[in-house]
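Numbering starts at 1 and runs along the sequence shown. Note that the coordinates shown come from a computational prediction; the quantities given were computed from them, not determined experimentally.
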Amino acid sequence: MRPTVYDIAAAAGVSLATVDRVLNRRPGVRLVTREKVEAAIRDIGYVRDVAAANLAKGRVYPLVFILPTGDNSFMHGLYGEVRQAMTRSTFDRTEIRIVEVPAFDPPALVAELDALQGQELAGVALVATDAPEVRAAVDRLVASGIPVVTLVSDLTGSTRHHYAGVDNIAAGRTAARLLGRFLGGRKGDITVLAGSMLVRDHRERLEGFSSVMAAEFPQLRLLPVLEGRDDPEIANTLVSEALSGSNSIIGIYSLGAGNRGLLRALKETGQGRELTVVVHELTEHTRIALLDGTIDAVLNQDAGHEVRSAIRVMKATADGQDVIAGQERIRLDIFLKDNLP
């Protein structure tokens with residue numbers, strides 16, 4: 001049978017109240033008695049059920065999600081998943097708050113992170129902008145005892161506790177292989193549409209994409225990256241200008257979330273051209289574009305899984321528990337018109 005608090009009390013020769021004080025790190029226990037209880041815990045192999053203990057105490061986990069504003073469908077979906085998690089707050093014993101910041105704005109993100117200092121929080125999840133000042137702000141928050149999880153875009157080199165998102169280098173490599181094979185040996189130029197090179201997920205996707213293109217599809221030339229800031233209007237303008245200015249573009253890789261602008265440009269400027277297009281994120285707009293043949297493939301990350309994973313990790317970290325790596329691995333899905341869910 002699994003050891004209980006009664007077994008600890010019997011082994012240490014103390015009361016249940018004393019065992020409770022030691023387990024919950026409360027004062028009022030002499031050092032020698034505390035050491036006896038801790039030795040008994042080790043000797044009998046007692047493992048505390050933290051979830052049950054927190055439920056019994058009625059613990060609630062205050063969590064903050066820092067999300068970028070902007071008019072792109074993926075982020076709208078991410079907001080929706082966080083709001084969905086809010087509806088489960090009673091069951092999950094969470095209190096979730098959303099803090100909005102302008103997209104790709106390191107000073108604004110730093111200001112919000114620093115504003116959380118001193119608050120009683122069980123965790124902070126953020127879509128990270130990769131900048132030294134953001135890294136320093138995350139490190140300050142972690143040093144103050146607040147668990148931090150990066151969401152969708154990572155912040156390597158910081159002391160954040162976990163990253164909830166896909167392997168973006170692998171995603172870029174996958175996109176290159178799909179695009180290269182779909183083009184079937186044709187020679188020409190490839191346009192890459194990004195949101196901003198300030199975020200690590202976009203840089204890593206470009207890194208993976210470029211490496212496979214150079215090694216395996218040398219007949220395809222990558223043009224300079226278009227940075228549309230995940231804004232449909234900017235993306236439409238950039239892609240339209242690129243297509244109007246060159247007849248040698250035969251493929252497009254959209255590694256960010258400005259797909260509505262891209263799709264408009266393809267409808268208005270790309271008509272009659274044989275273009276192969278691979279994009280990220282399955283939304284209502286990219287679903288329609290897959291079905292009508294405007295685009296060829298969608299690489300997708302499950303925003304709901306990312307949000308649920310971030311919540312599990314923040315709660316576990318706040319309790320000093322290990323994270324189950326396999327449960328938190330975010331899968332990259334590949335959708336064609338034939339296997340849409």
Side-chain angles (χ1 to χ4, degrees), residues 51 54-55 58-103 109 112-113 116 119-129 146-154 160-166 168 171 195 199 201 230 232 256-260 279-288 290 298-319 321 323-333 335 340-341:
N54 286 336
L55 183 60
R59 178 177 183 183
V60 173
Y61 298 82
L63 306 174
V64 172
F65 280 80
I66 304 179
L67 304 178
T69 57
D71 187 18
N72 79 70
S73 299
F74 176 75
M75 283 302 164
H76 291 170
L78 191 66
Y79 270 82
E81 293 295 344
V82 176
R83 293 191 183 98
Q84 183 64 31
M86 289 177 172
T87 68
R88 302 191 299 269
S89 287
T90 301
F91 176 78
D92 291 337
R93 293 173 290 119
T94 57
E95 289 179 353
I96 297 175
R97 175 162 53 100
I98 296 176
V99 173
E100 296 185 344
V101 296
L109 183 52
E112 294 297 346
L113 288 167
L116 298 176
Q119 297 187 27
E120 293 292 327
L121 298 174
V124 173
L126 71 148
V127 178
T129 300
I146 297 177
V148 175
V149 172
T150 51
L151 189 66
V152 179
S153 185
D154 200 7
R160 60 95 176 119
H161 293 85
H162 185 77
Y163 163 57
V166 298
N168 285 297
V199 287
D201 59 328
D230 287 345
N259 289 323
R260 275 184 293 148
V279 308
H280 279 263
E281 317 313 349
L282 184 64
T283 66
E284 62 172 307
H285 302 95
T286 55
R287 176 187 291 273
I288 292 170
L290 263 182
V298 174
L299 305 181
N300 189 65
Q301 56 189 320
D302 187 335
H305 187 183
E306 288 168 334
V307 169
R308 293 189 296 273
S309 176
I311 292 171
R312 284 193 298 268
V313 170
M314 287 187 286
K315 290 172 66 176
T317 304
D319 287 336
Q321 300 296 297
V323 172
I324 303 172
Q327 184 180 20
E328 310 310 338
R329 187 173 296 112
I330 308 299
R331 186 179 65 190
L332 179 71
D333 291 315
F335 292 119
L340 280 170

Report task. Please check if the side chain of N300 supplies one atom and the backbone of D333 the other of a donor-acceptor pair under 3.5 Å. Result -> no
Query raised in the report: Is it true that a side-chain atom of T286 and a backbone atom of T283 form a donor plus acceptor pair closer than 3.5 Å?
Result: yes
Locate the shortest heavy-atom distance separating [X] from [Y]; write the atom from each residue and the value.
{"X": "T317", "Y": "P147", "result": "CG2-CB, 3.7 Å"}
{"X": "E306", "Y": "G165", "result": "OE2-CA, 3.4 Å"}
{"X": "M86", "Y": "I96", "result": "CE-O, 3.4 Å"}
{"X": "S153", "Y": "V199", "result": "OG-CB, 3.8 Å"}
{"X": "V149", "Y": "A310", "result": "CG1-CB, 4.0 Å"}
{"X": "A303", "Y": "L78", "result": "CB-CD1, 3.9 Å"}

Report task. Would you check if there is a donor-acceptor pair between the side chains of Y61 and D92 at a distance under 3.5 Å? Result -> no
Nearest 0.5 Å, what's the [atom1]-[atom2] distance between [X] and [Y]?
{"X": "L63", "Y": "T94", "atom1": "CG", "atom2": "OG1", "answer": "6.0 Å"}
{"X": "R308", "Y": "D302", "atom1": "CZ", "atom2": "CG", "answer": "6.0 Å"}
{"X": "R83", "Y": "T87", "atom1": "CZ", "atom2": "OG1", "answer": "12.0 Å"}
{"X": "I288", "Y": "L340", "atom1": "CD1", "atom2": "CG", "answer": "11.0 Å"}
{"X": "H280", "Y": "Q301", "atom1": "NE2", "atom2": "CD", "answer": "8.5 Å"}
{"X": "N259", "Y": "S73", "atom1": "CG", "atom2": "OG", "answer": "8.0 Å"}

Query raised in the report: Step by step, would you call L282 with R287 a side chain to side chain contact (heavy atoms under 4.5 Å, CB included)?
Result: CA-CA 6 Å; L282 184 64; R287 176 187 291 273; 3.8 Å; yes
Any [X] side-chain heavy atom under 4.5 Å of [Y] side chain:
{"X": "Y79", "Y": "E100", "result": "yes"}
{"X": "M75", "Y": "D230", "result": "no"}
{"X": "D71", "Y": "R260", "result": "yes"}
{"X": "E328", "Y": "V323", "result": "yes"}
{"X": "F65", "Y": "V307", "result": "yes"}
{"X": "S309", "Y": "H162", "result": "yes"}
{"X": "M314", "Y": "L121", "result": "no"}

Query raised in the report: Picking from V148, L151, L113, what satisfies side chain to side chain contact (heavy atoms under 4.5 Å, CB included) with I66?
Result: L113
Query raised in the report: Should the heavy atoms of other residues, nucleotides or ligands under 6.0 Å from CZ of R88 be counted, would the total exceed 12?
Result: yes
Report task. With side chain to side chain contact (heavy atoms under 4.5 Å, CB included) as the test, would you mind laying out the steps for Q119 and I146 before giving the verdict? Result -> CA-CA 9 Å; Q119 297 187 27; I146 297 177; 5.6 Å; no
